[in-house]
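Computed from a predicted structure; not experimentally measured.
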Amino acid sequence: FGSLTGLGFCYSITKGPENATVLAGSEARFNCTVSAGWRVLIWLSKGSPVLTVLSSQGSVETTERFTSRNYSTGDEFTSELIIHNTQLSDSGRIECSIQQPSQNNFAFLSVQVNGSLLIKNSTLTVKDNQTIEIVCEALGWAPAPDIAWMTNDSLVDKSSYVTQQSPGSQGLHNALSTLTLTPRDTEVLTCLADIEALPSPQNASVTLIFDNS
């Protein structure tokens, strides 16, 4: 490899791509910055080439799902890989290669799926000293969501509910959370389901109407 360096092949990746977590159906973006002198930059997804950038003619895009934008600053060049309409199956290693020894840089893409969330009753009437169970069902998530409960605006203690997770179809996950309580007043109960890619948890609510007649 010393002879290659002697011939002027001393360009390198100065900053590789960084890990990304996105929701299925959205875009994922990865940047790879190389120093002057580069000739070919190849993006690979899970080991398979998906896009090539040539210093002489720019990006060679072979599929609409993988496109790129290119930027130059000073003597550095940055290729931004854009993966459109991400799918759960896109999760894995994203690699930037300039066909130099030890000059591959990689990151990991995690595609998550925001499933459904449901409490079957929207209102429930409860009597004094009546203990009830409220069931919240999360279907078709990846990964399985973290479930929490709120009463009015306060978090419910974790000892008051039990959450069970189970595998769903096509690599997705389901969760069933059962909250047990003895209401003392009319209140709104909210089930919250959260995964990393969601900006805020998905929620479902039920209104408990307290009947002390």
Side-chain angles (χ1 to χ4, degrees), residues 17-30 45-46 64-66 81-94 107-213:
E18 296 181 357
N19 294 344
T21 300
V22 300
L23 283 174
S26 64
E27 289 181 354
R29 294 171 178 258
F30 296 90
S45 171
K46 297 195 291 188
E64 292 179 352
R65 285 198 59 229
F66 296 92
L81 174 71
I82 306 166
I83 306 174
H84 302 267
N85 188 25
T86 53
Q87 306 298 315
L88 195 56
S89 56
D90 291 324
S91 295
R93 182 165 150 147
I94 303 293
F108 287 95
L109 169 62
S110 173
V111 179
Q112 300 190 341
V113 179
N114 179 17
S116 64
L117 192 68
L118 176 71
I119 297 176
K120 285 182 176 145
N121 307 74
S122 57
T123 59
L124 271 177
T125 301
V126 292
K127 297 195 177 296
D128 198 15
N129 288 327
Q130 182 184 357
T131 298
I132 58 165
E133 289 186 345
I134 307 286
V135 177
C136 178
E137 197 171 30
L139 298 175
W141 292 70
D146 292 321
I147 304 277
W149 288 85
M150 294 186 78
T151 171
N152 296 331
D153 293 321
S154 306
L155 278 170
V156 173
D157 189 88
K158 288 183 177 179
S159 63
S160 301
Y161 56 91
V162 175
T163 303
Q164 296 169 308
Q165 297 176 352
S166 60
S169 59
Q170 299 173 319
L172 301 176
H173 302 268
N174 303 325
L176 201 67
S177 188
T178 306
L179 172 67
T180 306
L181 76 164
T182 309
R184 298 272 177 261
D185 202 350
T186 295
E187 57 188 309
V188 177
L189 291 170
T190 304
C191 172
L192 304 166
D194 198 21
I195 50 177
E196 185 187 344
L198 274 180
S200 58
Q202 194 181 148
N203 65 78
S205 294
V206 57
T207 301
L208 298 185
I209 298 168
F210 188 68
D211 176 11
N212 58 359
S213 59

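- S200 approaches D194 most closely through the heavy-atom pair C-OD1, 4.4 Å.
- The backbone N or O of F210 sits less than 3.5 Å from a side-chain atom of T186, completing a donor-acceptor pair.
- For residues 170-182, no pair satisfies salt bridge (charged side-chain N to carboxylate O under 4.0 Å, His left out), with sequence neighbours left out.
- Taking all atoms of both residues into account, the shortest heavy-atom contact from S116 to W141 is O-NE1, 2.9 Å.
- Listed by chain and residue number, K127 satisfy the salt bridge (charged side-chain N to carboxylate O under 4.0 Å, His left out) test with D211 (two or more places apart in sequence, or in another chain).
- Residues K46 and D90 are not paired through a salt bridge, judged by the lack of any N-O separation under 4.0 Å between the basic side chain and the carboxylate.
- Other residues, nucleotides and ligands place no more than 12 heavy atoms under 6.0 Å from the CG atom of D153.
- Using modelled atom types and a 3.5 Å distance limit, the side chains of T178 and E133 yield no donor-acceptor pair.
- A donor-acceptor contact closer than 3.5 angstrom links the side chains of S205 and T190.
- Side-chain contact annotation: W149 with S177, donor-acceptor N/O pair under 3.5 Å present.
- Taking CG of L109 as the reference point, atom OG1 of T86 lies at 7.0 Å (rounded to 0.5 Å).
- For the residue pair L88 and G171, the shortest heavy atom distance occurs at CD2-O, 4.0 Å.
- Annotation: salt bridge (charged side-chain N to carboxylate O under 4.0 Å, His left out) contacts of R29 (sequence neighbours excluded): E27, E80.
- We find the CD1-CG distance between I132 and L124 to be 5.5 Å, quoted to the nearest 0.5 Å.
- Note that the CG atom of L155 and the CE atom of M150 stand 5.0 Å from one another [nearest 0.5 Å].
- Side-chain contact between Q112 and S110: present, with at least one pair of heavy atoms (C-beta onward) separated by less than 4.5 Å.
- Atom CD1 in I134 sits 6.5 Å away from atom CG in L181 (nearest 0.5 Å).
- For the atom pair CD1 of I119 and SG of C191, the computed distance is 5.0 Å after rounding to the nearest 0.5 Å.
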### Derivation of the side chain to side chain contact (heavy atoms under 4.5 Å, CB included) call for L117 and L192
CA-CA 9 Å; L117 192 68; L192 304 166; over 6 Å; no
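- Taking every heavy atom of both residues into account, A193 and L198 meet most closely at O-CD1, 4.0 Å.
- Between the side chains of N174 and Q165, no donor-acceptor pair is found at a separation under 3.5 Å.
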### Task
Kindly determine whether L176 and T163 satisfy side chain to side chain contact (heavy atoms under 4.5 Å, CB included), including the steps that lead there.
CA-CA 6 Å; L176 201 67; T163 303; over 6 Å; no
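- We find the CG-CG distance between N203 and L189 to be 12.5 Å, quoted to the nearest 0.5 Å.
- Side-chain atoms of F30 and I82, non-hydrogen and from C-beta on, never get closer than 4.5 Å to each other.
- Evaluated for a side chain to side chain contact (heavy atoms under 4.5 Å, CB included) with I195, the options L23, V113, T21 yield exactly one hit, L23.
- Each of T207, T151, V126 was evaluated against E187; a single residue qualifies, T151, per the side chain to side chain contact (heavy atoms under 4.5 Å, CB included) test.
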#### Entry: side chain to side chain contact (heavy atoms under 4.5 Å, CB included) assessment of F108 paired with E18
CA-CA 7 Å; F108 287 95; E18 296 181 357; over 6 Å; no
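- Side-chain contact between R184 and T182 is present, with at least one heavy-atom pair separated by less than 4.5 Å.
- In this structure a side-chain-to-backbone donor-acceptor pair under 3.5 Å is missing from Q87 to V111.
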